[in-house]
Student: 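Handing you this structure, nothing more for now.
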Amino acid sequence: MEKPTLPKGTRDFGPAVMAKRQFILNTIRTVFQRFGFLPLETPAMENLSTLTGKYGDEGDQLLFKVLNSGDFLKDIDASKLETRNSKLVASEISEKGLRYDLTVPFARYVVMNRHEITLPFKRYQIQPVWRADRPQKGRYREFYQCDADVVGTDSLICEAEIVLMIKEVMQHLSIHDYTIKINHRGVLNGIAEQVNASGRESDLFVVIDKLEKIGEENVRNELSEKGFAAQQLDKLFELLKTAGTAQQKLNILSTSLASSTSGKKGIDDLKDVFKLFEHYQANSDHVEFDVALARGLSYYTGCIFEVKINNVAIGSVSGGGRYDNLTQAFGSKEQLSGVGISFGIDRIYDAMEELNLFPKETLASSKVLVCHFDDATRHYVLSMLTRLRAAGINSEVYPDIAKLKKQLDYANKKNISFCLVIGEEEIQSGSLTLKNMERGEQEKLSIENIIHKLTH
RNA sequence: GUGGAUGUAGCUCAGUUGGUUAGAGCACCAGAUUGUGGUUCUGGGGGUCGCGGGUUCGAAUCCCGUCUUUCACCCCA
């Protein structure tokens with residue numbers, strides 16, 4: 001008999017892990033709801049035509065494809081099969097794929113349901129996504145994203161609120177040392193114009209994004225290899241090295257990029273976002289304007305965000321941005337602008353575990369275990385169990401007749417706070433033994449008093 | 001997708017130049033204690049040494065393949 005295993009990059013989540021995951025998840029959901037977002041779920045599978053072409057060539061390769069049902073090779077051209085080139089037949093034997101993120105399915109939903117959606121439409125979505133990536137630390141093949149997006153408005157209030165939501169989530173999770181990086185595709189395009197690299201933006205941005213990680217020297221080398229001239233690179237780094245506070249950097253760049261329409265738009269948008277924080281009477285702590293932030297997904301057109309937890313060796317825990325044309329990819333004639341944020345709870349979990357930030361209460365299960373000694377006391381105990389539950393107290397009974405030691409041991413392992421011990425003596429007197437498992441103290445009380453004590 | 005490392009009990013790991021019946025700590029089960037857990041003491045169960053092949057009188061140990069996990073690259077939550 002073979003031992004069962006899990007597919008590469010997937011995991012089970014046992015009760016102890018689930019308690020912590022749900023703590024994160026509930027925090028994010030509560031914040032999303034507080035900002036007026038409504039829930040949406042979409043299928044795990046989408047038509048491949050919905051998914052392909054939205055994430056760039058790299059992204060397409062990472063899509064999990066689902067084989068057609070039935071005898072899927074029956075009608076395939078024999079000569080194509082002869083070539084042994086799976087790409088040739090892929091589109092004919094697979095027409096569905098697992099979702100790669102939540103933004104594209106959301107855009108598809110908006111287009112399909114355009115008639116019954118009131119704009120601006122704010123939705124949140126918490127579901128797993130799948131990527132056929134090679135797993136490593138903080139990178140899984142199945143992981144959860146928690147997205148909140150707004151479509152149908154280009155108001156920068158949405159961008160500002162995204163930052164406010166990130167801050168609120170982080171605060172509730174007790175994560176204090178983190179950075180929200182913000183940039184704008186317009187600024188990046190403006191920079192590309194300034195260094196005469198229009199049309200080669202993606203080549204440029206992918207490398208720029210690695211600046212912090214690999215340093216100026218390596219970025220220069222990679223870009224020269226891609227054919228950028230030393231003169232262009234000098235100009236590039238002059239712009240990238242703009243220093244100071246967010247305000248100062250914005251002011252400097254607004255003159256450096258003044259000749260670029262998209263650069264100017266980017267700077268103005270960012271200035272407005274920072275100004276909005278003031279109107280919200282919020283500060284811009286943790287928010288950093290990073291000219292080198294470039295996020296890979298090709299559909300972003302406006303502000304882009306990324307959140308990193310400091311002093312943890314894990315990638316970004318959240319990312320997002322504005323996209324103007326996503327619905328047009330699904331044949332929508334009107335131009336709907338959208339902006340969204342995505343939290344990766346698997347990475348937040350790993351970071352919190354590493355930083356020891358989980359409150360210990362997340363482990364708690366039932367509050368009370370009712371204990372008994374024999375058939376008769378076990379029968380009696382069931383009626384007490386019903387009363388506890390009716391009072392809203394999470395409680396359970398040890399189902400087998402067992403020594404008290406074993407029952408207390410069970411409660412101890414399950415982190416149950418109280419044991420209600422009921423034997424002949426307690427049934428006779430009506431005064432039941434309530435044992436506090438943490439302190440080891442116990443007292444005799446009526447069921448009414450016990451319920452009162454545990455609910456107040 | 002490319003390159004490197006890894007795998008021994010549920011967990012963390014020992015295991016000599018290839019040599020008898022593969023060990024420890026923690027965890028688990030039972031007893032010490034017939035109505036009192038988390039401490040202590042005593043005893044116990046648990047391994048196809050990732051899997052498959054090869055070399056050898058003999059393999060956890062050496063070789064090849066494969067899978068898992070992991071690190072770097074690519075990319076990303």
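Throughout, a chain's letter reflects where its sequence line sits, starting with A, and its residues are numbered from 1.
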Student: With rounding to whole Å, what would you report as the distance between B:G19 and B:G58 at their C1' atoms?
Tutor: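 Those two atoms are separated by 7 Å.
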Student: Between B:A59 and B:U55, how many Å separate the two P atoms, rounded to a whole number?
Tutor: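 It comes out at 11 Å once rounded to the nearest Å.
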Student: A:E425 near the nucleic acid: base, sugar-phosphate alone, or nothing, with a heavy-atom cut-off under 4.0 Å?
Tutor: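 Base: the residue A:E425, judged by heavy atoms under 4.0 Å, touches a nucleobase.
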Student: Here's a test of your reading of the structure: between A:Q145 and A:K444, which maps to the more 5' nucleotide of RNA chain B?
Tutor: A:K444
Student: Under 4.0 Å between any heavy atoms, over every strand shown, what does A:V129 touch: base, sugar-phosphate, or nothing? Just pick one.
Tutor: nothing
Student: By the 4.0 Å heavy-atom rule, please label A:Y140 as base, sugar-phosphate, or nothing.
Tutor: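 Here A:Y140 touches the bases of the nucleic acid.
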Student: Any salt bridge between A:E448 and A:R387, counting N to O under 4.0 Å?
Tutor: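 Salt bridge between A:E448 and A:R387, a charged N being under 4.0 Å from a carboxylate O: yes.
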Student: Taking atom C1' in both B:C26 and B:U20, compute the distance separating them and give it to the nearest angstrom.
Tutor: 29 Å
Student: Round to the nearest Å and state the distance from A:L404 atom CG to B:G35 atom C1'.
Tutor: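 The answer, rounded to whole Å, is 5 Å.
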Student: Please report the distance separating the P of B:G1 from the corresponding atom of B:G47, rounded so that it comes out in whole Å.
Tutor: 36 Å
Student: So A:G315, base contact, sugar-phosphate only, or nothing? Heavy-atom distance under 4.0 Å.
Tutor: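 Nothing, no nucleic acid heavy atom in range.
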Student: What is the nucleic acid contact for A:G59, judged by heavy atoms within less than 4.0 Å: base, sugar-phosphate only, or nothing?
Tutor: nothing
Student: Quick one: label A:D346 by what it contacts on the DNA or RNA (base, sugar-phosphate, nothing), any heavy atom closer than 4.0 Å.
Tutor: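 Contact class for A:D346: none.
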Student: Please confirm whether any donor atom in the side chain of A:N412 sits under 3.5 Å from an acceptor in the base of B:G37, or the reverse.
Tutor: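 Such a pair is found, so the answer is yes.
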Student: Whom does B:A59 pair with, Watson-Crick or G-U wobble, provided both distances fall under 3.5 Å?
Tutor: none
Student: For the pair made of NZ in A:K210 and C1' in B:C75, what is the distance, rounded to whole Å?
Tutor: 9 Å
Student: Using a strict 4.0 Å threshold on nitrogen-to-oxygen distance, state whether A:R108 and A:E46 make a salt bridge.
Tutor: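 Salt bridge flag = yes for A:E46 with A:R108.
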Student: What's the CZ-P distance between A:F205 and B:C74, to the nearest Å?
Tutor: 18 Å
Student: Expressed in angstrom and rounded to an integer, what is the separation of A:D101 atom CG from B:C75 atom C1'?
Tutor: 14 Å
Student: Expressed in angstrom and rounded to an integer, what is the separation of A:R141 atom CZ from B:U68 atom C1'?
Tutor: 12 Å
Student: Please state whether the rings of A:F121 and A:F106 are parallel, tilted or perpendicular, taking 30° and 60° as the class boundaries.
Tutor: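 Plane angle under 30°, so parallel.
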Student: Kindly point out which of B:G35, B:U70, B:G37 is positioned nearest to the side chain of A:F373?
Tutor: B:G35
Student: On the ring face of A:F143, is A:R11 found with NZ or CZ under 6.0 Å from the centre and within 45° of the axis?
Tutor: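 Here A:R11 fails the 6.0 Å and 45° test against A:F143.
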Student: When we call it a touch if two heavy atoms are under 4.0 Å apart, what does A:S316 touch: a base, just sugar-phosphate, or nothing?
Tutor: sugar-phosphate
Student: Is the base of B:C71 touched by the side chain of A:R139 through a donor-acceptor pair closer than 3.5 angstrom?
Tutor: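 Checked by distance alone, the answer is no.
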Student: In whole Å, what separates the C1' atom of B:U12 from that of B:G7?
Tutor: 14 Å
Student: May A:Y410 be described as stacking on the base of B:G37, applying a 5.5 Å centroid limit and a 30° limit on plane angle?
Tutor: no
Student: Report the base-pairing partner of B:G1 (Watson-Crick or G-U wobble, both distances below 3.5 angstrom), or none.
Tutor: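 Here B:G1 is engaged in a pair, and the nucleotide opposite it is B:C73.
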Student: Check for a donor-acceptor pair, side chain of A:N183 on one end and backbone N or O of A:V291 on the other, with a separation under 3.5 Å.
Tutor: yes
Student: Whole angstrom is fine here: how far is it from CG in A:D209 over to C1' in B:C74?
Tutor: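 Atom CG in A:D209 sits about 13 Å away from atom C1' in B:C74.
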Student: Once you apply a heavy-atom cut-off of 4.0 Å, does A:G9 come out as touching a base, just sugar-phosphate, or nothing?
Tutor: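 Answer is sugar-phosphate: A:G9 comes under 4.0 Å of backbone atoms only.
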Student: Which part of the nucleic acid does A:Q442 contact within heavy-atom distance under 4.0 Å: base, sugar-phosphate only, or nothing?
Tutor: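 Counting heavy atoms under 4.0 Å across all strands, the contact made by A:Q442 includes a base.
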Student: Donor-acceptor pair, A:S395 side chain versus A:I393 backbone, under 3.5 Å?
Tutor: yes
Student: Against the six-membered ring of A:F64, is A:R141 placed for a cation-pi contact (under 6.0 Å from the centre, within 45° of the normal)?
Tutor: no
Student: What distance, rounded to whole Å, do you find between the two C1' atoms, one in B:C11 and one in B:U69?
Tutor: 15 Å
Student: Give me the distances for all protein-to-nucleotides 40-44 of chain B N/O pairs that come in under 3.5 Å?
Tutor:
none

Student: Is the closest basic N to carboxylate O distance between A:D409 and A:K413 below 4.0 Å?
Tutor: yes
Student: Below 4.0 angstrom from OP1 or OP2 of B:C29, is there any side-chain N or O of A:K413?
Tutor: yes
Student: Rounded to the nearest Å, what distance is computed from the CG atom of residue A:D57 to the P atom of nucleotide B:C76?
Tutor: 12 Å
Student: Considering only nitrogen or oxygen atoms on both sides, find all protein atoms under 3.5 Å from nucleotides 3-7 of chain B and state each distance.
Tutor:
residue	atom	partner	partner atom	Å
B:G3	O6	A:R134	NH1	2.8

Student: Take A:Y349 and A:F358 through the ring-ring contact (aromatic ring centres under 6.0 Å, His included) test and state the conclusion after the steps.
Tutor: CA-CA 9 Å; A:Y349 179 99; A:F358 285 109; 5.3 Å; yes
Student: Could you tell me how far apart A:K65 (NZ) and B:G1 (P) are, to the nearest whole angstrom?
Tutor: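 Whole-Å distance recorded here is 12 Å.
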Student: Go through the steps to decide whether A:K435 and A:E443 satisfy the test salt bridge (Lys or Arg N to Asp or Glu O under 4.0 Å), and finish with yes or no.
Tutor: CA-CA 7 Å; A:K435 184 178 175 77; A:E443 55 187 328; over 6 Å; no
Student: Does A:K20 pair with A:E353 as a salt bridge, N-O distance under 4.0 Å?
Tutor: yes
Student: May I ask you to say what A:E426 touches in the nucleic acid, namely base, sugar-phosphate or nothing, with a heavy-atom cut-off under 4.0 Å?
Tutor: base
Student: Are any of A:K406's side-chain N or O atoms less than 4.0 Å away from OP1 or OP2 of B:A30?
Tutor: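 It does, given that an N or O in the side chain of A:K406 lies less than 4.0 Å from OP1 or OP2 of B:A30.
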Student: Using atom C1' of each nucleotide, how far apart are B:G23 and B:A60 to the nearest Å?
Tutor: 12 Å
Student: Can A:R123 and A:E41 be counted as an ion pair, charged N to O under 4.0 angstrom?
Tutor: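 So A:R123 does not pair with A:E41 through a salt bridge.
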Student: So which nucleotide from B:A77, B:G37, B:U69 ends up closest to the side chain of A:L408?
Tutor: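 Looking only at heavy atoms from C-beta outward on A:L408, the closest nucleotide is B:G37.
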Student: Using 4.0 Å as the upper bound for N to carboxylate O, is an ion pair formed by A:D203 and A:R200?
Tutor: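 The answer is yes: the pair qualifies as a salt bridge.
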Student: Quick one: label A:Q136 by what it contacts on the DNA or RNA (base, sugar-phosphate, nothing), any heavy atom closer than 4.0 Å.
Tutor: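 Base contact.
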Student: Judged by each residue's nearest nucleotide on RNA chain B, which is more toward the 5′ side, A:E438 or A:V307?
Tutor: A:E438
Student: With C1' as the reference atom in both, quote the distance from B:C75 to B:U56 in angstrom, rounded to an integer.
Tutor: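 Their C1' atoms lie roughly 47 Å apart.
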